[in-house]
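Read the structure below first, then the notes.
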Amino acid sequence: MRFMMVFKASEESEAGQPPSEEGLTAMGLVMAEMAEKGVLLAGDGLLPSSHGFRLQLDDGKRRVVDGPFTETKELIAGFCLIEVASREEAAEWGWRCIAADARGTDDPENSGLLEIRPVPTAEFFGDNYTDEARERNDQTFQKAAENLQKSNT
């Protein structure tokens, strides 16, 4: 089962405050272990919303809205895409990520928020997910994996 772990933004992350050295090291070690065990499929942190923008479509009218965005509790600071055997295993990795993310904060015992959501499988889409759609999807993600290998960032 695949799960997306969404790290919620904090006032500190939205202010552009980088994680502490201790926090970066702790998260790096958890991510490295997930990669070694074949759990981690993708993941990265995000810059504050002040560096981003939103696209909005209202009644056919396009609009670009530049950040920052004020509703910090709805913003994300990073993500991990993982593949595990169960919801419980996803939660175990999630708890480890929260603990690592909280390192170096004022209150590491009470800090951290992580949303974990399952990624739908082909069965979720039923008959709408045709053989043609499945083949196109497989080709698309194979190409995306190749692109990621070539990426220099």
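Every heavy atom of this structure was used, including side-chain atoms; hydrogens, water molecules and symmetry mates were not. Only a predicted model underlies this, so the values are computations on that prediction, with no experimental measurement involved.
- Residues meeting the side-chain hydrogen bond (donor to acceptor under 3.5 Å, both in side chains) test with Gln149, sequence neighbours left out: none.
- Not counting sequence neighbours, the partners of Ser86 by the side chain to side chain contact (heavy atoms under 4.5 Å, CB included) test are Glu88, Glu89.
- For Lys143, the salt bridge (charged side-chain N to carboxylate O under 4.0 Å, His left out) test picks out Glu146, with sequence neighbours left out.
- Geometric assessment of Arg117 against the ring of Phe3 yields a negative cation-pi assignment under the 6.0 Å and 45° thresholds.
- Arg96 pairs by the salt bridge (charged side-chain N to carboxylate O under 4.0 Å, His left out) definition with Glu33, not counting sequence neighbours.
- Qualifying side-chain hydrogen bond (donor to acceptor under 3.5 Å, both in side chains) partners for Arg134, counting only residues two or more places apart in sequence or in other chains: none.
- For Thr140, there are no side-chain hydrogen bond (donor to acceptor under 3.5 Å, both in side chains) partners at least two apart in sequence or on another chain.
- Considering only heavy atoms from C-beta on, Met34 comes within 4.5 Å of Ile82 through its side chain.
- Residues Phe124, Phe125 make up the rest of the hydrophobic cluster containing Tyr129, defined by ILVMFWY side-chain heavy atoms closer than 4.5 Å, directly or through other members.
- Qualifying side chain to side chain contact (heavy atoms under 4.5 Å, CB included) partners for Ala42, counting only residues two or more places apart in sequence or in other chains: Phe79, Leu81.
- Under the side chain to side chain donor-acceptor pair (under 3.5 Å) criterion, the residue pairs touching residues 35-53 are Glu14-Ser49, with sequence neighbours excluded.
- By the side chain to side chain contact (heavy atoms under 4.5 Å, CB included) test, Glu83 is found to be paired with Arg2, Leu41, residues two or more places apart in sequence or in another chain being considered.
- Counting Ile, Leu, Val, Met, Phe, Trp and Tyr side chains that sit under 4.5 Å apart, directly or through other members, Phe53 shares a hydrophobic cluster with Leu55, Val64.
- Taking the side chain to side chain contact (heavy atoms under 4.5 Å, CB included) definition, one finds that Arg63 meets it with Gln56, Val65, sequence neighbours left out.
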